[in-house]
Amino acid sequence: MPTQVNQNLMLYNYLTSVTALTTEVGHSSGTPRIFGPPLGIPAGITAPCKFLIFGDDGGAASPDVPVADVRITCYCYGATQSEAQSVFRALHAALHRAWDKRITLATGSVAVLRSANKETGPVDMPEPELGWPRVVCAYRVRFCEWTFAS
Amino acid sequence: MRVTVRVEANIRTKEILAAGQGFAQDFARELGELTARYARENVAPGVGPGPHPHRPPPFREHQDTGELQRSIQVAQEDRGFLKTARVFTDLEYGLYLEAGWTSQAGRHFRYPWLMPAAMQAQQEMAGIARSTARRWLSGEGRTYAGRQNVNAPLSGTAWPE
């Protein structure tokens, strides 16, 4: 039976395991700064600062190869446009050309990020109503459709 | 030992090269124009996001004029071995509709209109490829494309391999 992993959870677990990225945005369990869906400014953030939100745009399924191919849109925020761009660079270093990354889930099973590439961006797109500095980009990420027992 | 008939397509011949490049550019153009058509449908007045979505009545300063729909363009590019068609708009708010924004009240809005159009056009790729290939690569009515030459008799040669 075809399966589909929770790609948002997998990507979140992977991004929060990259020390350079978590250091750049100041992410910790007590001070989250990396967020998955839903999109929009998270409730605990009330002023421009460094944080990252990603959203799942879906993608076509392969009929023959058990790899899920999805497009992820990422929103990099900062107190200034320059800070937002530095968040993007840290994200890019973590995600672009990532290959064969093993991600351990809470259940103990192992998911596999096969490859990731930047598809578009970065685009300087400040929030038009709030005025918050923001950089938008999209990545094509491929996961194995199922997880493996560790 | 076996008997072989070898069929060769020399892609360096001018005819096949020209026909292949023409096919690729035409194919990209057709897909681009189909994408633009679907994108214009996505943002058509009455279909698209309409007046500023988080401004309830009686606010009417944002009108759906159809300007975004009219601004969608297709341009062809020849980037060497990449035959390309670009579908784009010069209006900045088209980009914000596509990527999303957050309102003062904290609600996030997003109205992807271009990427879904491209994905919808991609589903018709096989049919477009077939019809474009028929125009460029068949021998019907053309004396210079798809020419076949038989340079040796089919019988009589057993070549040890």
Side-chain angles (χ1 to χ4, degrees), chain A residues 8 35-49 51-63 68-78 81 84-85 87-88 91 118-141, chain B residues 31-32 34-35 38-39 42 49-56 59 61-62 67-68 75 77 79 82 84-129:
Chain A
N8 292 314
F35 304 91
L39 299 178
I41 309 292
I45 297 182
T46 55
C49 63
F51 64 96
L52 169 67
I53 307 173
F54 65 87
D56 183 357
D57 289 339
S62 168
D69 188 352
V70 298
R71 187 171 188 260
I72 305 285
T73 303
C74 302
Y75 303 82
C76 308
Y77 289 84
Q81 199 64 37
Q85 288 161 0
V87 171
F88 161 74
L91 168 69
K118 184 167 71 78
E119 190 167 77
T120 188
V123 181
D124 284 342
M125 286 183 64
E127 290 275 8
E129 296 215 6
L130 302 177
W132 290 23
R134 180 180 67 164
V135 171
V136 181
C137 53
Y139 287 84
R140 180 67 58 174
V141 186
Chain B
L31 260 189
L34 187 62
T35 300
Y38 288 140
N42 286 343
H52 221 276
H54 64 276
R55 288 284 205 160
F59 294 105
E61 65 270 26
H62 298 282
E67 196 178 345
L68 177 60
E77 286 180 358
R79 298 159 63 194
L82 291 176
T84 309
R86 289 190 301 120
V87 184
F88 63 99
T89 175
D90 290 326
L91 292 182
E92 190 177 334
Y93 62 84
L95 182 58
Y96 281 98
L97 280 177
E98 183 78 25
W101 73 99
T102 306
S103 70
Q104 294 277 2
R107 284 189 65 191
H108 186 82
F109 295 89
R110 192 177 174 197
Y111 189 78
W113 56 275
L114 189 54
M115 196 64 186
M119 292 164 69
Q120 190 178 354
Q122 194 182 27
Q123 293 182 0
E124 300 181 33
M125 195 166 64
I128 293 172

K.L.:
Enumerate by number any residue of residues 35-44 of chain A whose heavy atoms lie under 4.5 Å from heavy atoms of chain B; in the absence of such residues, state 'none'.
P.N.:
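A:L39, A:G40, A:I41 fall under the 4.5 Å cut-off.
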K.L.:
Does the side chain of A:D57 reach to within under 4.5 Å of the side chain of B:M115, using non-hydrogen atoms?
P.N.:
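Heavy-atom side-chain distance check fails, nothing below 4.5 Å.
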K.L.:
Could you tell me which residues in residues 85-96 of chain B have at least one non-hydrogen atom under 4.5 Å from a non-hydrogen atom of chain A, sorted by residue number?
P.N.:
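Those residues of residues 85-96 of chain B which have a heavy atom under 4.5 Å from chain A are B:L95, B:Y96.
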K.L.:
A:D124: what forms a salt bridge (charged side-chain N to carboxylate O under 4.0 Å, His left out) with it, not counting sequence neighbours?
P.N.:
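Scan of A:D124 (salt bridge (charged side-chain N to carboxylate O under 4.0 Å, His left out), adjacent residues dropped) gives none.
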K.L.:
I'd like to know if the side chain of A:E127 reaches the main chain of B:W101, judged simply by a donor and an acceptor atom lying under 3.5 Å from each other, with no hydrogens or angles considered.
P.N.:
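Looks like no, no N/O pair under 3.5 Å.
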K.L.:
List the residues meeting salt bridge (charged side-chain N to carboxylate O under 4.0 Å, His left out) with A:R140, not counting sequence neighbours, and say none if there are none.
P.N.:
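Only A:D69, A:E119 meet the salt bridge (charged side-chain N to carboxylate O under 4.0 Å, His left out) criterion with A:R140.
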K.L.:
Between A:E129 and B:S103, do the side chains contain a donor N or O and an acceptor N or O under 3.5 Å apart?
P.N.:
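No donor-acceptor contact under 3.5 Å links the two side chains.
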K.L.:
Please lay out, stage by stage, how B:R110 and A:T73 fare under the test side chain to side chain contact (heavy atoms under 4.5 Å, CB included).
P.N.:
CA-CA 12 Å; B:R110 192 177 174 197; A:T73 303; 3.6 Å; yes
K.L.:
How far does OH of A:Y77 sit from OG1 of B:T102, to the nearest 0.5 angstrom?
P.N.:
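With rounding to 0.5 Å, OH (A:Y77) is 4.5 Å from OG1 (B:T102).
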